[in-house]
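In listed order, ligands and their atoms are each counted from 1.
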Amino acid sequence: MVSKMFRTRSLAAGLAVLALGLAACSSGGDSGDGETAGSGDGGDGGAISVGFSQVGAESGWRAANTKSIQDALTEEAGFDLSFSDAQQKQENQIQAIRSYIAQGVDYIAFSPVVESGWDSVLEEAKQADIPVILTDRAVDSEDTSLYVTFIGSDFVEEGKRIGDWVSENLGTEPINVVELQGTTGSAPAIDRKTGFEDAIEGNDNISVIASETGNFTRAEGKTVMEGFLQAYPDIDVVYAHNDDMGLGAIEAIEAAGKVPGQDIKVVTIDGVKDGMTALAEGKISYIVECNPLLGPDLAEIIKTLEDGGTVEPRIVTKDEAFDQEGAKAVLADRQY
Ligand code: AHR
């Protein structure tokens with residue numbers, strides 16, 4: 001059984017220095033030896049109980065992320081996973097987290113749909129001595145003792161890499177860019193916008209003529225792009241904060257009788273199979289990857305804490321970037 005003392009020690013340790021080797025994590029980590037599995041108090045004979053609140057099922061990226069978590073936090077690996085889908089609603093996530101607190105799970109992990117408004121529920125988890133792990137997206141809480149660690153990509157860097165590529169490859173002459181933002185108030189929407197703006201600052205050839213949310217979904221990306229095409233006859237580039245919105249924009253561009261990749265260039269973030277296929281076909285021009293395969297790392301973090309180890313308060317995952325040739329080279333082996 002995990003004592004309150006153990007939990008407190010783990011939480012404090014989590015704020016200390018790195019002891020987690022992420023290279024080892026991606027191989028799947030410890031598959032649940034008897035000692036670790038025997039130390040949990042999940043009420044089912046020793047598994048570590050974890051409540052995970054997912055953002056939703058808005059994109060191909062999210063589907064891959066959910067699968068990775070469910071594949072890693074299995075019974076065989078020593079976990080008792082409770083999983084909930086918040087359908088992109090913060091109130092659903094808060095309700096799910098409160099229910100995990102009431103159940104007395106050993107750990108709570110979640111990917112926050114938006115950045116703000118988490119302090120109260122995170123304080124409740126802290127009072128209940130339940131360590132919280134943020135995956136994928138950040139919260140803006142000033143009190144970082146409310147969670148043990150945050151694992152995920154550097155979204156500002158992703159936006160910056162897109163902006164650098166656009167600036168160097170397309171911004172050598174005047175261009176009009178439209179931006180499809182992710183979910184309003186979410187960390188990736190805020191950070192990818194900031195990173196892109198920072199990168200293109202100083203390049204007077206680039207004008208961002210419109211920017212609206214497409215909520216990270218293909219359908220909304222298409223609808224917003226249809227509006228852009230009607231309002232602006234002279235769009236050169238679409239910057240979509242994820243592949244799905246970019247793919248929706250491609251449908252709108254084709255329906256308007258234009259050729260994506262030629263008449264209008266599309267650049268996106270994620271690198272899911274559908275996006276990489278469109279890149280290999282020349283419909284998308286450049287993709288910065290956002291790695292969704294966080295499950296093994298999450299399992300390793302929990303096992304490390306459970307064993308009294310320490311993890312860094314911020315763990316940044318590694319992302320690649322692809323042009324057309326790069327996409328063709330990796331597409332056959334792409335896991336998601
Ligand atoms: O938080 C990660 C983002 O969320 C992905 O880039 C997007 O596809 C998803 O909806």
Please tabulate, for side-chain N and O atoms in residues 94-104, each donor-acceptor pair with protein atoms closer than 3.5 Å (sequence neighbours left out).
from	atom 1	to	atom 2	distance (Å)
R98	NE	E124	OE1	2.7
R98	NE	E124	OE2	3.2
R98	NH2	E124	OE2	2.8
S99	OG	Q103	NE2	3.2
Y100	OH	F52	O	3.1
Y100	OH	S82	O	3.2
Y100	OH	S84	N	3.4
Y100	OH	S84	OG	2.9

List the atom pairs, with distances to 0.1 Å, where a side-chain N or O of residues 196-204 and a protein N or O form a donor-acceptor pair under 3.5 Å, not counting sequence neighbours.
from	atom 1	to	atom 2	distance (Å)
E197	OE2	K193	NZ	3.1
N203	OD1	N205	N	2.9
N203	ND2	S167	OG	2.9
N203	ND2	G171	O	3.2

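Under 4.0 Å from any atom of ligand 1, one finds heavy atoms of residues E58, S59, W61, R62, D136, R137, F155, P188, R192, F216, N242, D270.
A donor-acceptor contact shorter than 3.5 Å is absent between the side chain of Q181 and the backbone of G214.
Residues satisfying the salt bridge (Lys or Arg N to Asp or Glu O under 4.0 Å) criterion with R218, sequence neighbours excluded, are D244, D274.
Scanning both residues, M245 and N215, for their nearest heavy atoms gives SD-N, 3.9 Å.
Ring centroid separation for the pair F110 and W118 comes in under the 6.0 Å cut-off.
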